[in-house]
> 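Sharing a structure with you now.
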There are 2 protein chains.
Amino acid sequence: MTDTKNNTKRRIIEAANSLFYMTGIRATSVDAIAEKAGITKRTLYYHFQSKDELITEYLSSRDQLNLHVYKKWFDEQEGDITDKIRAVFNGIAEITSHPKWRGCGFQRTAGELANKPGHPAIKAASLHKKNVESWLSEEFCHGSLKNAEVTARYVFLLLEGALSTMLVHHDPVYIRESGNAAALLVAHEMPPEDH
Amino acid sequence: MTDTKNNTKRRIIEAANSLFYMTGIRATSVDAIAEKAGITKRTLYYHFQSKDELITEYLSSRDQLNLHVYKKWFDEQEGDITDKIRAVFNGIAEITSHPKWRGCGFQRTAGELANKPGHPAIKAASLHKKNVESWLSEEFCHGSLKNAEVTARYVFLLLEGALSTMLVHHDPVYIRESGNAAALLVAHEMPPEDH
DNA sequence: TTGTGTATACCGTATAGTGAGTGTACAAAA
DNA sequence: TTTTGTACACTCACTATACGGTATACACAA
């Protein structure tokens, strides 16, 4: 049945998501994923052609989910754009402080696959990051920022810097300070009546 | 002879450096390192207790080397601090555009070892990043910047963002724009007579 | 000077386990 | 009857590390 198929496939991706993220791509065996999904390895290979394909689908499945979290923090914050941007960084500071946080899955996967240029999973990571930047750019346009695109890129770069620094230092202060820098750059481009 | 010992040890670290960086930590076998160093695996284990120890020494050996490159770009650039900072980002844009560039080794190693909190190699990565930030802070102090420490952190975060973004997108434009943002934040803190 | 003990530096060969991916068979659904 | 989804048992290559053993060099006692 197609329904069963999708269900099994979803369970596999869920198991892959959890293990790839917590343990790392290379350190996670296909056996472990199959076991966690409650199926045989042979069944996994019925649904996916290879481990590489599974890696790619894992990352792709995270794209909109992660983006949605950022959007929620942004939208639910009262105030002007600097307040909303700060809210995103504060949100990140909070979730990355959780002991189960293991860095940005997209960055880490791209890092592990750095020896395989052109790997589809790297493209999935690239796409996700482009989506984050585009979203920022749109919000800044709607907010009538002067150099919306460039500013979005600055904020995006600070976001990436905050994430990768958190992975190394495990100190959320860096994320909040990154948010300060972002707010500063955004305020610099705000129309006069808002500031 | 101690001389021979150091020589062998250095050769091992050199081989480890090359393979760990190009291929990744987990994807590199101890066998491959021994072979590249031209020794037996038994000899490698005579000089190093474990693969983990080798990983740690590999990263530690890169700390001052990488920092020195940044310093050189900074020192050799004529002009004010914004010019010098831009020179650092331009230098990074150049080397990261080389086809053999595989991302920041410290970030990538921290990413691969994310499932082993407290791993000595992660501490080595953390130390290196602290050294980069401290160096920036010192330079900004000597340059009489107003909020030297905070500004150094901002620039550091942009640097990390530039490196991790380059790993995902392979587009050096991001690095130059990151340099623009850094220059902007630095200019904002410069004493009036210089600006 | 000669002999003996000990540390250094190295090699070749196991070993116990894990890795991704397959061949074949069986059951249920279409 | 054919297709679809699943399982068991397997291959073969690789992996970190352990073990047993050897050649050289130097220190000190006879």
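Every heavy atom of this structure was used, including side-chain atoms; hydrogens, water molecules and symmetry mates were not. In the text below, chain A, chain B and the rest are named by the order of the sequence lines, each starting its count at 1.
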> Taking only the side-chain nitrogens and oxygens of B/Y46, find out if one of them lies under 4.0 Å from OP1 or OP2 of C/dA9.
yes
> Evaluate the side chain to side chain contact (heavy atoms under 4.5 Å, CB included) criterion for residues B/Y154 and A/N180: first the C-alpha distance (whole Å), next the side-chain angles of each, then the deciding distance (0.1 Å), finally the verdict.
CA-CA 9 Å; B/Y154 290 171; A/N180 290 343; 3.4 Å; yes
> Sequence neighbours left out, what passes salt bridge (charged side-chain N to carboxylate O under 4.0 Å, His left out) with A/R153? Give chain and number order.
A/E133, B/E177
> Would you find a donor on one side and an acceptor on the other, under 3.5 Å apart, between the side chain of A/T28 and the backbone of A/L19?
yes
> Enumerate donor-acceptor pairs with a distance under 3.5 Å from any side-chain N or O in residues 155-165 of chain A to protein atoms, sequence neighbours excluded.
from	atom 1	to	atom 2	distance (Å)
A/E160	OE1	A/Q107	NE2	2.7
A/E160	OE1	A/K129	NZ	3.3
A/E160	OE2	A/K129	NZ	3.0
A/S164	OG	A/E160	O	3.1
A/S164	OG	A/G161	O	3.3
A/T165	OG1	A/G161	O	2.7

> Is there a side-chain contact between A/L44 and A/L54 (heavy atoms, below 4.5 Å)?
yes
> Under 3.5 Å, which protein N or O atoms sit close to an N or O of nucleotides 7-13 of chain D? Give each pair with its distance.
from	atom 1	to	atom 2	distance (Å)
D/dA7	OP2	A/T40	N	3.0
D/dA7	OP2	A/T40	OG1	2.9
D/dA7	OP2	A/T43	OG1	2.9
D/dA7	O5'	A/T40	OG1	3.0

> Do A/E189 and A/N147 get their side chains close enough for a donor-acceptor pair, meaning under 3.5 Å?
yes
> So, does A/H47 get its side chain near the phosphate of D/dT6, meaning an N or O under 4.0 Å from OP1 or OP2?
yes
> Could you check which residues of residues 110-124 of chain A get a heavy atom under 4.0 Å from DNA chain C? Sort them by number, please.
none
> Does a donor on one side chain and an acceptor on the other come within less than 3.5 Å for B/H128 and B/N66?
no
> Is it the case that the side chain of B/T40 and the backbone of B/T43 share a donor-acceptor pair, with hydrogens and angles ignored and the cut-off at 3.5 Å?
no
> Whole-Å distance between D/dG5 P and A/R11 CZ?
14 Å
> Rounded off to whole Å, could you give me the CG-to-P distance for the B/L44 and C/dG12 pair?
15 Å
> Reckon B/T8 has a side-chain N or O less than 4.0 Å from the OP1 or OP2 of C/dC10?
yes
> Under the rule for ring-ring contact (aromatic ring centres under 6.0 Å, His included), what residues qualify as partners of B/F89, not counting sequence neighbours?
none
> With distance as the sole test, does B/T56 use its side chain to make a donor-acceptor pair with the main-chain N or O of B/D52 at under 3.5 Å?
yes
> Are there any protein N/O atoms within less than 3.5 Å of an N/O atom in nucleotides 25-28 of chain C, and if so, which ones and at what distance?
none

> Can you list, in residue-number order, the parts of residues 50-59 of chain A that come under 4.0 Å of DNA chain D, counting heavy atoms only?
none
> Would you confirm whether B/D63, through its side chain, and B/S60, through its main-chain N or O, come within 3.5 Å as a donor-acceptor pair?
no
> Mind calculating the distance between OH (B/Y45) and C1' (C/dA9) to the nearest angstrom?
18 Å
> Not counting sequence neighbours, which residues clear salt bridge (charged side-chain N to carboxylate O under 4.0 Å, His left out) with A/D31? List them please.
A/K41
> How would DNA chain C look in dot-bracket form, 5' to 3', counting Watson-Crick and G-U wobble pairs with both distances under 3.5 Å and writing | for bases paired to another strand?
||||||||||||||||||||||||||||||
> What residues, two or more places apart in sequence or in another chain, satisfy side chain to side chain donor-acceptor pair (under 3.5 Å) together with A/K116?
none
> So, does A/K84 use its side chain to make a donor-acceptor pair with the main chain of A/F74 at under 3.5 Å?
yes
> Going by atom type alone, with no hydrogens or angles, which donor-acceptor pairs under 3.5 Å involve a side-chain atom of residues 90-104 of chain B and a protein atom two or more places apart or on another chain?
from	atom 1	to	atom 2	distance (Å)
B/N90	OD1	B/R176	NH1	2.9
B/N90	ND2	B/R86	O	3.4
B/T96	OG1	B/I92	O	2.8
B/T96	OG1	B/A93	O	3.3
B/S97	OG	B/A93	O	2.6
B/H98	ND1	B/K100	N	2.9
B/R102	NE	A/A114	O	3.4
B/R102	NH1	B/M22	O	3.4

> Look at the side chain of A/S61 and the backbone N and O of A/Y58, then say whether any donor-acceptor pair between them is shorter than 3.5 Å.
yes
> If you take any heavy atom closer than 4.0 Å to DNA chain D, which residues from residues 17-31 of chain B end up in contact?
B/T28, B/S29, B/V30, B/D31
> Compare all side-chain heavy atoms of A/L167 with those of A/R108 and state whether any distance is below 4.5 angstrom.
yes
> Is there a donor-acceptor pair closer than 3.5 Å between any side-chain N or O of B/H169 and the backbone N or O of B/D171?
no
> D/dG5 C1' sits how many Å from A/F48 CZ, rounded?
14 Å
